[in-house]
Amino acid sequence: MTDLETRTAGRTGAPGPSGALRRAAPALLGYAAVRALGLLALALWSAARDKSAYPLLTARWDSLWYTRVAELGYGYEVQLPNGDVHSNLAFFPLLPWLERLGAAVSPLSYADAGFVVSLLASLAAAWGIFAVADHVYGARAGVCAALLWAVLPVGIVQSMAYSESLFTALAAWSLYAVLTGRWVTAGTLAALAGLTRPVGLAVTAAVWVAVLTAFVRSRSGGDPDGAPGARHLLGMLLAPLGAAGYVLWVGHRTGKGPLGYLDVQAGWRNGFDGGAAFARFVAGKFTSFPGALAGVGLVIGVALLVWLYVVCVRQRQPPPLLVYAGLVTVLALCASSYFGSKPRLLLPAFPLLFPLALGLARLRTARATLLVCAVAAASAVYGAFWLNGSGPP
């Protein structure tokens, strides 16, 4: 048994809710402070441009599509001049359902409800990221992981009425349930993640890999808990139901069968091509200057992701985390369009931050705090600049 496996095995007994909240408090307070700084920077930048920051968070880009689903249901389409059809069936239903629920039980509008859901979900995601990292590496690394997720350059998306925060919260807590042997909970949360974004496939795969690993270990006599039982099987069965149910419903609604959802995505010129289109996009940057600088940045960014994943493997992260982070990264990088969206599509791949979190945790507290504050300030300024410019598509 490795040192990592020993640490993981030693934390199967989780504290109660109040104890867990106290343990996570430094991570949550730090996360909230970083996000408050980002929102303040956005408000000040927008005010300097005689704009309101709030619509940037709730009433542009994908936020509008989600609120239309919440208000009007599915069936809305936009026909573009080039013949493409953008259908709101491309957007998974959990966030709109929550927006509709929020508007039904409060005076909030659908957009307001989406903003509140994202704020609460972002805190739940930060707590889940802390819980996973704490379980595997300890509390200090867990705090650092939550803070690093907060200070990502596109971290402002975590405060938008988008589905990234909601999905990350469900994914993180599903992975935590897997690591702590709560198989039915893991499967249920995976199913909900599958109702949130197409990349819910990655959470399902993590649950399945965990159960299959437990089965293999039981056959080899390496699992002291014995062979997987009914709860393992139920978790496996529950995990894909959300994504599969929605995709099949879309196929039925469009009359195009099980692959109908792919046709919907094709209307958005989106699909999976193994990264060929993204490679051509990056290569095209090197045909001019200063575009070549952006090309160099993209190459460095992809190389950093690959390096982080290799480090995760070398540090022997639990297989469910490796499978989840790997699939999220591959699905983000190998999508055939919306290249500007790739940084935010990578937000849920939080296990990639764990090697950096371990490095940060080894620093003295004063030095680590100073470093996080500096990066948080840069992230806040970038987020304000980004949303007041082209922003996320």
Side-chain angles (χ1 to χ4, degrees), residues 35-82 84-100 102-103 108-122 125 150 152-168 196-199 264-265 267-270 332 335 337-348 379-393:
R35 291 275 38 89
L37 177 63
L39 292 174
L40 176 62
L42 177 63
L44 293 176
W45 192 296
S46 301
R49 295 168 57 90
D50 294 322
K51 296 170 65 177
S52 171
Y54 191 63
L56 299 178
L57 299 169
T58 62
R60 288 184 69 185
W61 308 295
D62 290 3
S63 298
L64 288 174
W65 286 91
Y66 284 118
T67 55
R68 287 193 184 108
V69 173
E71 182 179 6
L72 304 173
Y74 286 106
Y76 178 80
E77 294 181 347
V78 174
Q79 182 89 32
L80 301 185
N82 65 356
D84 290 345
V85 176
H86 286 185
S87 167
N88 65 0
L89 289 169
F91 295 87
F92 277 50
L94 186 57
L95 178 57
W97 287 348
L98 293 175
E99 289 178 342
R100 184 178 298 177
L108 297 175
S109 68
Y110 295 112
D112 295 337
F115 181 63
V116 171
V117 167
S118 290
L119 287 183
L120 296 177
S122 68
L152 288 173
V154 294
I156 189 65
V157 173
Q158 298 163 18
S159 301
M160 297 177 66
Y162 269 43
S163 61
E164 274 78 6
S165 289
L166 179 60
F167 175 81
T168 304
T196 308
R197 297 186 63 80
V199 75
V264 170
Q265 286 286 5
W268 288 77
R269 291 185 179 262
N270 199 17
S337 63
Y338 296 100
F339 306 117
S341 298
K342 294 192 183 297
R344 72 173 177 87
L345 296 179
L346 287 164
L347 275 175
S379 175
V381 171
Y382 177 77
F385 164 77
W386 189 43
L387 288 198
N388 276 278
S390 60

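When reading the values below, keep in mind they use all heavy atoms of this one structure, side chains included, and skip hydrogens, waters and symmetry mates. Numbers for residues simply follow the sequence, beginning at 1.
Residues V154 and E164 have side chains not in contact (no heavy-atom distance under 4.5 Å, counting atoms from C-beta outward). E99 is not listed as a side-chain neighbour of E71, based on a closest heavy-atom distance of 4.5 Å or more. Proximity of V78 to W65: side-chain heavy atoms (C-beta onward) are separated by under 4.5 Å at one or more points. For the pair L98/L166, a side-chain contact is recorded, criterion being any heavy-atom separation below 4.5 Å from C-beta on.
A donor-acceptor pair under 3.5 Å is formed between the side chain of S122 and the backbone N or O of L119. For S118 (side chain) and Y162 (main-chain N/O), a donor-acceptor pair under 3.5 Å exists by modelled atom type. Without hydrogens or angle criteria, S63 side chain to A59 main chain gives no donor-acceptor distance under 3.5 Å. In this structure, K51 contributes its side chain and W45 its backbone to no donor-acceptor pair below 3.5 Å. A donor-acceptor pair under 3.5 Å is formed between the side chain of T67 and the backbone N or O of L64. Between the side chain of S109 and the main chain of D112, a donor-acceptor pair closer than 3.5 Å is present. A donor-acceptor pair is defined here as one N or O able to donate and one able to accept, closer than 3.5 Å; no such pair exists between the side chain of S87 and the backbone of E77. Side chain of Y74 to main chain of F91: a donor-acceptor pair is present (N/O by atom type, distance under 3.5 Å, no hydrogens or angles). Between the N88 side chain and the Y66 main chain, no donor and acceptor come within less than 3.5 Å of each other.
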Exercise for review: Assess whether side chain to side chain contact (heavy atoms under 4.5 Å, CB included) is satisfied between I156 and R35, documenting all intermediate values.
Suggested key: CA-CA 7 Å; I156 189 65; R35 291 275 38 89; 4.0 Å; yes
Exercise for review: Go through N388 and L56 one step at a time and tell me if the side chain to side chain contact (heavy atoms under 4.5 Å, CB included) criterion holds.
Suggested key: CA-CA 8 Å; N388 276 278; L56 299 178; 3.9 Å; yes
Exercise for review: Before giving the answer on side chain to side chain contact (heavy atoms under 4.5 Å, CB included), spell out for L387 and R60 the whole-Å C-alpha distance, their side-chain angles and the decisive distance to 0.1 Å.
Suggested key: CA-CA 10 Å; L387 288 198; R60 288 184 69 185; over 6 Å; no
**Study point:** Verdict with reasoning, L57 to L42, per side chain to side chain contact (heavy atoms under 4.5 Å, CB included)
**Key:** CA-CA 10 Å; L57 299 169; L42 177 63; 3.7 Å; yes
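Annotation for R269: atom CZ does not count as buried by contact number, only 12 or fewer foreign heavy atoms lying within 6.0 Å.
Two rings, from W61 and W386, have their centers 6.0 Å or more apart.
Below 30°, between 30° and 60°, or above 60°: for W268 and Y338 the angle between ring planes is between 30° and 60°, a tilted geometry.
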